[in-house]
Amino acid sequence: MSSRCLDAAAALLLCLGAWGAEARTLRVCADPNNLPFSNRRGEGFENKIAELLAHELNATLVYTWRAQRRGFLRETLNAERCDVVIGIPAELESVGTTRPYYRSAYVFVTRDNEPRIASFDDPALRHKTLGVQLIGDDGWNTPPAHALTRRGIVENIRGYTLYGDYREPNPTARIITAVAHGEIDVALAWGPLGGYFAALEHPALQVSPVKPLDEPGLPMAWDISMAVRKDDRARLSEMDALLVRLRPEIDAILAEYHVPRLPSAPGSLDTKP
């Protein structure tokens with residue numbers, strides 16, 4: 001082979017090497033067993049949104065898996081083991097958060113042959129067996145549990161840990177299947193979880209947002225954003241732009257997973273230009 005051909009071949013290899021070095025990856029941290037949000041098989045709606053983002057960026061999607069418990073952000077995103085977390089409460093101080101891409105609320109879940117619960121002040125709540133979610137090993141209560149306690153509704157409550165038995169598939173579904181099986185009459189659960197698992201039951205269970213949503217001192221509805229590291233301003237701007245451009249596709253994914261959605265809160269990040 002002539003020296004000219006060798007030079008051309010070397011140049012081609014250099015170009016191919018440079019292209020490979022520039023190929024993008026989208027590094028996402030997620031829980032491997034947390035439907036409807038994410039799992040290792042990519043079956044959650046946050047998995048689908050991550051795939052959508054990666055496709056739009058022409059990037060390879062790479063996961064770092066960790067159970068979403070205390071220390072999750074510290075040991076994943078802020079330890080630079082990934083660059084994006086798909087679902088985080090908006091304006092969380094320890095990270096940079098994008099504009100919200102949905103807003104949801106806690107919900108009442110009941111069997112389809114029973115009257116819907118109108119609000120926390122519905123007299124029926126005093127006579128039914130209620131399931132509420134608890135957070136952490138210390139049994140810290142969620143806002144709906146506090147709302148019931150304020151009204152003196154305590155004797156007919158059963159607690160279900162938010163995380164469930166992590167050794168089982170779909171550990172967070174337990175509070176919803178308890179309604180379907182007649183173990184409790186009403187579940188008070190975070191909206192995306194309630195909507196998804198209620199739709200899987202046969203017949204499907206009824207789901208409606210709790211009321212009032214503005215219980216004093218107890219937020220019942222939350223804007224949900226994506227998270228990047230606090231100093232990663234370029235990636236934050238890129239994710240914000242993607243959320244605007246891909247809004248219809250993301251909304252379709254949320255609808256497919258029966259995520260109950262509310263209008264964005266007045267003055268939320270979703271209104272920023």
Side-chain angles (χ1 to χ4, degrees), residues 13-32 34 36-40 42-104 192 221-255 257 259 261-273:
L13 288 172
L14 286 172
C15 288
L16 289 172
W19 180 87
E22 293 173 1
R24 286 200 66 171
T25 59
L26 178 64
R27 301 193 305 154
V28 171
C29 282
D31 192 312
N34 191 31
F37 307 98
S38 63
N39 69 7
R40 197 180 294 272
E43 296 170 329
F45 71 81
E46 291 182 359
N47 294 120
K48 303 306 180 187
I49 292 171
E51 291 168 11
L52 180 65
L53 296 175
H55 181 269
E56 188 72 8
L57 293 170
N58 194 27
T60 300
L61 178 59
V62 177
Y63 281 108
T64 292
W65 301 109
R66 186 195 184 280
Q68 204 157 348
R69 304 286 190 273
R70 185 176 299 173
F72 174 78
L73 291 172
R74 183 183 66 249
E75 296 175 12
T76 57
L77 181 66
N78 287 333
E80 301 190 12
R81 297 185 62 199
C82 66
D83 301 310
V84 179
V85 175
I86 301 297
I88 283 293
E91 300 183 298
L92 191 67
E93 291 185 357
S94 62
V95 293
T97 55
T98 64
R99 65 176 65 239
Y101 67 95
Y102 74 96
R103 179 175 177 82
S104 194
W222 298 84
D223 286 313
I224 303 299
S225 301
M226 297 180 190
V228 301
R229 281 180 293 281
K230 209 169 183 66
D231 60 354
D232 197 350
R233 305 303 300 176
R235 197 179 310 274
L236 181 64
S237 296
E238 182 177 53
M239 291 296 111
D240 270 337
L242 285 174
L243 288 176
V244 172
R245 190 157 70 246
L246 298 173
R247 181 84 181 239
E249 292 90 339
I250 291 173
D251 283 346
I253 291 170
L254 296 173
Y257 281 77
V259 175
R261 284 164 289 157
L262 301 173
S264 295
S268 75
L269 293 176
D270 197 38
T271 62
K272 71 182 182 180

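Residues forming a side-chain contact (heavy atoms from CB on, under 4.5 Å) with T60 (at least two apart in sequence, or on another chain): T25, V62. Residues passing the side-chain contact (heavy atoms from CB on, under 4.5 Å) test with P32, sequence neighbours excluded: R40, W65, Y166. Partners of F37 under the ring-ring contact (aromatic ring centres under 6.0 Å, His included) rule, at least two apart in sequence or in another chain, are F45. Checked against salt bridge (charged side-chain N to carboxylate O under 4.0 Å, His left out), R245 has the following partners two or more places apart in sequence or in another chain: E56. With sequence neighbours excluded, the residues that form a salt bridge (charged side-chain N to carboxylate O under 4.0 Å, His left out) with E238 are R24. Among residues two or more places apart in sequence or in another chain, the side chain to side chain donor-acceptor pair (under 3.5 Å) test is passed with R235 by D232. In this view, R69 and D31 satisfy the salt bridge (charged side-chain N to carboxylate O under 4.0 Å, His left out) rule, not counting sequence neighbours. With sequence neighbours excluded, the residues forming a salt bridge (charged side-chain N to carboxylate O under 4.0 Å, His left out) with R27 are D83, listed by chain and number. Applying the side-chain contact (heavy atoms from CB on, under 4.5 Å) test to E75 and every residue at least two apart in sequence or in another chain returns R66.
For the atom pair CG (L236) and CZ (R229), the distance works out to 12.0 Å, reported to the nearest 0.5 Å. With values rounded to the nearest 0.5 angstrom, L61 atom CG is found 11.0 Å from L52 atom CG. Rounding to the nearest 0.5 Å gives a distance of 6.0 Å between CD of Q68 and CG of N34. Atoms OH and CD1, from Y257 and I49 in turn, are 9.5 Å apart once rounded to the nearest 0.5 Å. To the nearest 0.5 angstrom, L53 atom CG is 12.0 Å from H55 atom NE2. Of the inter-residue distances, the one linking Y102 atom OH with D251 atom CG reads 12.0 Å to the nearest 0.5 angstrom.
Using a 4.5 Å heavy-atom threshold, the side chains of L73 and I88 count as touching. By the 4.5 Å heavy-atom criterion applied to side chains, V244 and R99 are counted as neighbours. A heavy-atom distance below 4.5 Å is found between the side chains of M226 and I86. Between Y101 and L242 the shortest side-chain heavy-atom distance does not fall below 4.5 Å. Between V28 and C82 there is no side-chain heavy-atom pair separated by less than 4.5 Å.
Under the 3.5 Å distance criterion, the side-chain polar atoms of T64 are matched with a main-chain donor or acceptor of R81. K230 places a side-chain N or O within 3.5 Å of a backbone atom of E93 that can act as its donor or acceptor partner.
The list of side-chain hydrogen bond (donor to acceptor under 3.5 Å, both in side chains) pairs with a residue in residues 42-51, not counting sequence neighbours, reads N39-E43, R41-E43, N47-Y63.
Here the shortest heavy-atom pairing between G87 and I224 reads CA-CG2, 4.0 Å. V95 and A227 get closest at one heavy-atom pair: CG2-CB, 3.8 Å.
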